[in-house]
Amino acid sequence: PRSPAQRSRLARIGVLTNPYSDVSAKAQPTAKLNESTSSLANLFQHHCDSLDEDEVVQINQYAGHLREMLIQGARMTERIDESLQMSENIRSRHDALVQHSGEISANCERLTQEVDVLTKHAEDIGAPLKNYDAVDRAGTKVGVLFKVLPNENGKGKDRIVTVRGLAKLKVDDEDEYISVLNELDEACVYFSENTRDMDGTFGKEYGRRALILHDAALYLLKEAVVDRLRQTTADVISALNLDKKTCILSADKLDASLVYTRFHGISSRSRSLISILQNRIYLNNMDESYRELLSLCQTTYCSCRESLLKSTVASHIESLRKEHGIVTMTRLASAFLERLCSVETALYRDFFGATNGKKVITKNIAGKKKNISVLSDDELQKLLKSLCAILHRSVRRGLVQLADLDTLCQVVNVLREERSSIVSSKSYNVATSHTMSGVIEDAQERLIYCAQSTLQKEVMKFKPSAGELDYPKKLICASEKKGTADPVQAQMMVYETWYPPLKSVLRVLSKIFKVVDQKVFEDIALRSVQACAKCLRDAASHLLAKRGSLDSDLFLVKHLLILREQLSPFDIELRAVEKQLDFSEAGKAVTKFLANRNRHLFTMSNENALVMMLREGVSVQEEAIDSKRDLEDALRVACNDFIEHSSTRVAKDIFVWIESCKLAASKDSGSLGRQKIMSGNYVKKLMIDTKENIVKESGELKKQMILYLDNPATQGILLKPVLLKVSKSLDDVKRLITVDENNGWTSSIENEVDSLLQDMHGILNT
């Protein structure tokens, strides 16, 4: 195409070469050319007179040349006009062609749609025939023939019997087998969904044949998988003589034995056949048959594996128990079962594929895609649980015979370690972890029973012997041996001086702590602490009658302090709420019930006499128990008793004299100075006796405290209130003394009494 500048230039040339641009000039180019030539000739003739001959010749030549060019231009114009007319004709014809083509295209689309409708209609018409043909063809392939027998009486309809023979179809030829299975699936779906043909005998008969042929086709697959598994299992049992109880396969050689090699050999072929079932589940409305067959394959596989492995696993675990004991057996058997479950899971997946969470995209009969879930590995988990249950039963039998708390605690700790080392995300560890949890619960149950039995025997029903209550002799013997023993033996000697129920409680609690559940431990600790405190109080009462208040009080304080100190690391509350049924008002409620004539026994309301009797006659009594608080109260009471008894022991006469003075002053305060107890010689003798008693008893008191209490700080804490109380009593004596010369008081006696009081204060302060 020409540019605008080129088109403008051509237009100017056209004006110069053909000045006649109107329509009449275009119609008659030759006449206009002659007219133009005549004008030029006249103009030339007019100027010829002034030109020479050579110039005239050149001008004539030039004029001839121009004339030829004008003629050629006129001819080109004619040709261009003809070309334009021709292009206009072509354009009009093209428009007509486009319109005609559109009409043809619309007609083609309409015809195509009609063809599709007719084709679909033809397929719908021919679909039943295809299903009937499929049923007729499949009979000989799957080994099932339908024979028509005439009625014996010659009356009624003929009988159709099923004759089974050898199948020509082989499941090893997967393409042909899947093709036949597809045809039978489509036929079964057709005969089950289209009920119009089912009104006739012919359609119902073919529907029945389709189901029979479908079952026969699946039976071929069952023979190839289930029967092969059973035959392989029988071959392995026969080859290894596993049917005899005396012949047990060694666990060390289990992985390389025929138990695994034979099954690995048939796993590939079995996997390809089982995948046919897995990929066809949910494809049509007859998926139950595929599910049942797949479930049968899984159940048969697991039962075969269990029959091969059960005796070997049981004998191996039993040999471990006899050789290593229950604790080591638990650890070794746990590792063995974890490895066995891993190997069994891998073999199972060789047969059935990875089943956890796997999705398979398939197409149904209508061609629509659908996501289906492959069946879960429930049968595998049952197999693994059955194998792991052997360990559970073996450990349980051993636990029943155990009564040692240390061994039971070791079993629980070993099982916890093994369970924590198991990766729970792996499917084969689910059964192992579940078994470990069950064994742990059984071991904890046995441990709790043994702990309660030990506490019941050694604490709650404890009957002390004379040697066990021989305090302070036991402390003296331990103190004498302690000087020549090493630190460990010295500590053990101190431990041996503890009262047996206290030792039993602390020993049991320290063993089961962190081994049983926290709530169970708190309940056992609550009851054992209560029982231990009662045993200590009973022992203190026995010592009070046998040895006196000093040994009794120090014994109780010593053991209560030990109990409180040893319980602090457990960090437990020792609180509970006990509920009891109170039947104290039951008699009155029954009497009221019998006296009521309008009982309304069948009325569901508060007016029902039976409900009223139960509500009024039975009540629930709640009691809050806080053993830690009770222990603190018992310790505080024991310390107060020790302070009271010790101070009285040290200065008993002083306390008696003070009480006598207070009693006399309450009767007649003016006559107190004339009383005999206020005489100078009496007071002087009282001070001398009291000083001697303080020196004697305070030394004995310190000696006994050192013997019972090992911590000097504890000794000081207990002794300080005793000395403070005695010192306060001496101050009361000084305040109550009334000097009267008529009652035997002299300055020398007064000075001696003051000196004795100061000496006693000095003794108490040191």
Side-chain angles (χ1 to χ4, degrees), residues 229 232-233 236 240 242 248-264 266-267 270-271 274 297-321 324 326 328-358 374-396 411 414-443:
L229 287 172
T232 303
T233 303
V236 173
L240 299 178
L242 296 180
I248 302 299
L249 188 63
S250 175
D252 299 335
K253 303 177 181 179
L254 188 61
D255 294 348
S257 65
L258 294 177
V259 175
Y260 284 97
T261 56
R262 286 287 182 88
F263 274 78
H264 279 299
I266 65 172
S267 62
S270 299
R271 175 74 186 101
I274 292 173
C297 294
Q298 292 175 327
T299 304
T300 304
Y301 170 84
C302 293
S303 62
C304 292
R305 296 302 301 170
E306 184 178 1
S307 63
L308 291 174
L309 296 173
K310 200 168 185 178
S311 59
T312 301
V313 174
S315 62
H316 179 64
I317 292 178
E318 185 65 22
S319 64
L320 290 177
R321 187 181 68 84
H324 301 284
I326 188 170
T328 308
M329 179 273 288
T330 304
R331 188 183 300 277
L332 297 176
S334 300
F336 169 73
L337 286 178
E338 182 179 359
R339 182 174 59 86
L340 180 64
C341 291
S342 174
V343 175
E344 282 298 313
T345 302
L347 183 60
Y348 179 87
R349 289 176 178 173
D350 288 343
F351 278 85
F352 298 96
T355 58
N356 287 335
K358 184 179 179 181
V374 181
L375 295 182
S376 60
D377 54 355
D378 293 339
E379 294 297 330
L380 172 64
Q381 295 302 324
K382 291 180 181 179
L383 169 64
L384 299 182
K385 288 179 181 179
S386 176
L387 296 177
C388 294
I390 300 173
L391 172 63
H392 193 170
R393 290 191 294 270
S394 179
V395 174
R396 190 176 181 88
V411 172
V414 167
L415 290 171
R416 282 180 172 177
E417 292 175 3
E418 294 298 326
R419 186 178 62 178
S420 62
S421 64
I422 294 175
V423 181
S424 59
S425 60
K426 296 182 179 180
S427 60
Y428 62 84
N429 285 331
V430 174
T432 309
S433 178
H434 179 76
T435 302
M436 294 296 176
S437 300
V439 179
I440 289 173
E441 292 176 359
D442 290 342

- Task: Would you please test Leu391 and Ser334 for side-chain contact (heavy atoms from CB on, under 4.5 Å) and show each step?
- Result: CA-CA 8 Å; Leu391 172 63; Ser334 300; 4.0 Å; yes

Note to self: With heavy-atom distances below 4.5 Å as the criterion, would you say the side chains of Leu380 and Phe352 are in contact?
What the structure shows: no

By side-chain contact (heavy atoms from CB on, under 4.5 Å), Ile390 pairs with (sequence neighbours left out) Lys310, Val313, Ala314, Ile317, Arg393

Check: Going through the checks in order, is the side-chain contact (heavy atoms from CB on, under 4.5 Å) test met by Leu309 and Leu387?
Finding: CA-CA 8 Å; Leu309 296 173; Leu387 296 177; 4.1 Å; yes

Exercise for review: Give the intermediate values and the outcome of side-chain contact (heavy atoms from CB on, under 4.5 Å) for residues Ser319 and His316.
Suggested key: CA-CA 5 Å; Ser319 64; His316 179 64; 4.2 Å; yes

Review point. Are side-chain heavy atoms of Val439 and Arg396 found at a separation under 4.5 Å?
Key: no

### Message
So Arg305 and Val259, do their side chains get closer than 4.5 Å, heavy atoms only?
### Response
yes

Could you check whether any side-chain heavy atom of Thr233 comes within less than 4.5 Å of a side-chain heavy atom of Leu308, counting everything from C-beta outward? yes

Query raised in the report: Distance-only, no hydrogens or angles: does the Ser267 side chain make a donor-acceptor pair with backbone N or O of His264 under 3.5 Å?
Result: yes

- Message: Using a 3.5 Å distance criterion without hydrogens, assess whether the side chain of Ser342 forms a donor-acceptor pair with backbone atoms of Glu338.
- Response: no

When rounded to the nearest 0.5 Å, the distance separating CD1 of Ile266 from CG of Asp350 is 11.0 Å

Taken to the nearest 0.5 Å, the spacing of Thr435 OG1 from Lys385 NZ works out to 8.0 Å

May I ask you to test the Ser394-Arg321 pair for a side-chain heavy-atom distance under 4.5 Å? yes

Closer than 4.0 angstrom, basic N to acidic O: yes or no for Arg331 and Glu417? yes

Determine whether His392 and Asp442 make a side-chain contact, defined as any pair of heavy atoms from C-beta on separated by less than 4.5 Å. yes

Shortest non-hydrogen pair, Ala443 vs Val411, comes out as CB-CG1, 4.2 Å

When rounded to the nearest 0.5 Å, the distance separating CD of Gln298 from OG of Ser303 is 12.0 Å

Looking only at heavy atoms, the pair that brings Ile326 and Val395 closest together is CD1-O, 3.9 Å

CG of Leu332 to CD of Glu418, rounded to nearest 0.5 Å, is 8.5 Å

For Val430 and Gln381, the nearest pair of non-hydrogen atoms, with its separation, is CB-OE1, 3.7 Å

Rounding to 0.5 Å, atoms CD (Glu306) and CG (Leu384) come to a distance of 10.5 Å

Can you classify the ring geometry of Phe263 versus Tyr301 as parallel (below 30°), tilted (30 to 60°) or perpendicular (above 60°)?
perpendicular

d(Thr261 OG1, Asp255 CG) to nearest 0.5 Å is 11.0 Å

| message | For a side-chain contact (heavy atoms from CB on, under 4.5 Å) check, start with the C-alpha distance between Leu254 and Leu340, then their side-chain angles and the critical distance, and finish with the verdict. | response | CA-CA 9 Å; Leu254 188 61; Leu340 180 64; 3.9 Å; yes

Closest heavy-atom pair, Cys388 versus Cys341, reported as atoms and distance to 0.1 Å, is SG-SG, 3.8 Å

